[in-house]
Amino acid sequence: LADWKISKAVTGEYYCDRVAGLMSRAVEDVRAAVDEIAAGGRDGCEKLMYGLLLSGLAMQMVGNSRPASGAEHHVSHLWEMGVLAPPPDALHGEKVGIGLALCAEQYHAFAAALRSGTLRPGPRPDTRAEIERYFPDAGMRELILEENVPDPLDDVTAEKALGARDEILAAIDEIPSAEELRALLRKAGGVAEPGEIGVREDIVPLTLRISPYVRRRLTLMRLRKVFENI
């Protein structure tokens, strides 16, 4: 939801408060039931399944995956595509959870830089050059290039992003810390670190750099490319 809110603030993308509210409440219900979910309790698992079903309905209501998918899914998709290494033998949800914690670290670091005034506008990123460099398979590369037309950053500048400073910070402040997210994942019996599913630490920085290209969608991971020191 944070990426959806940030895109709304920067680009005016359609955003539905009602759908976002439904998803926020479902997430809070699941977080509150994490102990029961871990124990396999009926009520906890019902809340988990309700949240999953609601996310599908929410996507149907708005006509896209914004209510249930952001930068964390792009991380998972990139790993599943085997661009940087063979796809990890792990569940999609495990990869999404790990991606969520990785992105949360980056988002809170961005918020700290935004608050301190240390962000500096950078040159417009060369999306095509990045894709051609990091997606070696010709067929996949063409699909990714096609997916990125038009480029979500075509009408976005650092100055425009800075103009939405308060909205961006408010959206990031709602995201739990990476430490809290990893603790919740482990409490529920899940995995929390890349190494736990066989993802090498050395590919994590490049994962965060190129994963935004797997979808034509503005996320903070993509938006930060218009700054030179983040």
Side-chain angles (χ1 to χ4, degrees), residues 1-7 20 23-38 44 47-48 51-52 55 65-115 168-215 217-225 227 230:
L1 294 178
D3 282 323
W4 196 13
K5 293 173 183 177
I6 290 168
S7 183
M23 289 306 304
S24 292
R25 286 191 292 275
V27 168
E28 289 305 316
D29 286 345
V30 170
R31 177 158 59 174
V34 66
D35 288 324
E36 197 169 2
I37 292 169
K47 288 176 181 176
L48 177 60
L52 291 167
S55 71
S65 62
R66 273 295 195 190
S69 173
E72 74 294 327
H73 274 75
H74 302 164
V75 168
S76 178
H77 294 327
L78 184 75
W79 288 341
E80 290 158 358
M81 292 160 68
V83 176
L84 304 177
D89 183 17
L91 297 170
H92 175 66
E94 291 177 316
K95 288 172 280 191
V96 168
I98 292 169
L100 177 62
L102 291 174
C103 291
E105 285 180 331
Q106 302 301 313
Y107 282 34
H108 286 294
F110 183 94
L114 185 54
R115 283 194 166 97
I168 291 173
L169 289 174
I172 295 173
D173 286 346
E174 292 180 356
I175 303 173
S177 69
E179 292 76 17
E180 181 181 353
L181 290 168
R182 290 185 177 115
L184 284 168
L185 288 166
R186 290 199 174 95
K187 199 172 186 180
V191 293
E193 298 282 357
E196 295 178 68
I197 60 169
V199 173
R200 304 192 318 268
E201 285 293 336
D202 63 294
I203 71 168
V204 170
L206 192 52
T207 292
L208 297 173
R209 178 173 177 172
I210 69 172
S211 58
Y213 296 127
V214 304
R215 289 289 183 271
R217 177 164 291 170
L218 187 69
T219 63
L220 184 64
M221 293 300 291
R222 188 139 187 169
L223 179 63
R224 66 186 196 151
K225 290 178 178 291
F227 295 93
I230 191 72

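- For the residue pair Ala26 and Gly51, the shortest heavy atom distance occurs at CB-CA, 4.2 Å.
- In this structure, the separation between CZ on Arg222 and CG on Asp3 is 12.0 Å, given to the nearest 0.5 Å.
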So Leu223 and Ile168, side chain to side chain contact (heavy atoms under 4.5 Å, CB included) or not? Walk me through it.
CA-CA 11 Å; Leu223 179 63; Ile168 291 173; 4.1 Å; yes

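- From Ile6, atom CD1 reaches atom CG of Leu218 across 8.5 Å, with rounding to the nearest 0.5 Å.
- Two residues are said to be in side-chain contact when any heavy atoms from C-beta on lie closer than 4.5 Å; Arg66 and Ser7 meet this criterion.
- Under the 4.5 Å side-chain criterion, counting only non-hydrogen atoms from C-beta, Arg217 is not in contact with His73.
- Between Ala104 and Leu181, the closest heavy-atom pair is CB-CD1, 3.7 Å.
- Residue Ile197 holds its CD1 atom at 7.5 Å from OG of Ser76, rounded to the nearest 0.5 Å.
- Between Ser211 and the choices His74, Met81, His77, the side-chain contact (heavy atoms from CB on, under 4.5 Å) rule is met once, by His74.
- Nearest heavy-atom pair, Ile203 versus Ala85, reported as atom, atom and distance to 0.1 Å: CD1-CB, 4.2 Å.
- At a threshold of 4.5 Å between non-hydrogen side-chain atoms, the residues Leu185 and Glu94 do not count as touching.
- Using a 3.5 Å distance cut-off with no hydrogens or angles, the side chains of Ser65 and Arg215 do not pair a donor with an acceptor.
- A pairwise comparison of heavy atoms in Ala20 and Leu1 identifies O-CD1, 3.7 Å as the closest pair.
- Under a cut-off of 6.0 angstrom, the local environment of CG in Asp89 is sparse, with at most 12 non-hydrogen atoms contributed by other residues, nucleotides or ligands.
- Under 4.0 Å is where a charged nitrogen must lie from a carboxylate oxygen, and between Glu180 and Arg31 at least one such pair does.
- Rounding to the nearest 0.5 Å places NZ of Lys95 at 7.5 Å from NE2 of His92.
- For the pair Lys225/Arg209, a side-chain contact is recorded, criterion being any heavy-atom separation below 4.5 Å from C-beta on.
- Side-chain contact check for Leu114 versus Ile172: every heavy-atom pair is 4.5 Å or farther apart.
- Using modelled atom types, one finds no donor on one side chain facing an acceptor on the other under 3.5 Å when comparing Ser177 with His108.
- The closest side-chain heavy-atom distance from Thr219 to Tyr107 is below 4.5 Å.
- Here the shortest heavy-atom pairing between Ala178 and Ala101 reads CB-O, 3.5 Å.
- Salt bridge status for Lys47 with Glu36: absent, with no side-chain N to carboxylate O gap under 4.0 Å.
- If you take CD1 on Ile37 and CG on Leu184, they are separated by 10.0 Å, rounding to the nearest 0.5 Å.
- Considering Leu102, Ile98, Val191, Leu100 as possible partners of Arg182, the one that fulfils the side-chain contact (heavy atoms from CB on, under 4.5 Å) test is Leu102.
- The two residues Pro212 and Met221 come nearest to each other via the heavy atoms CG-CB, 3.8 Å.
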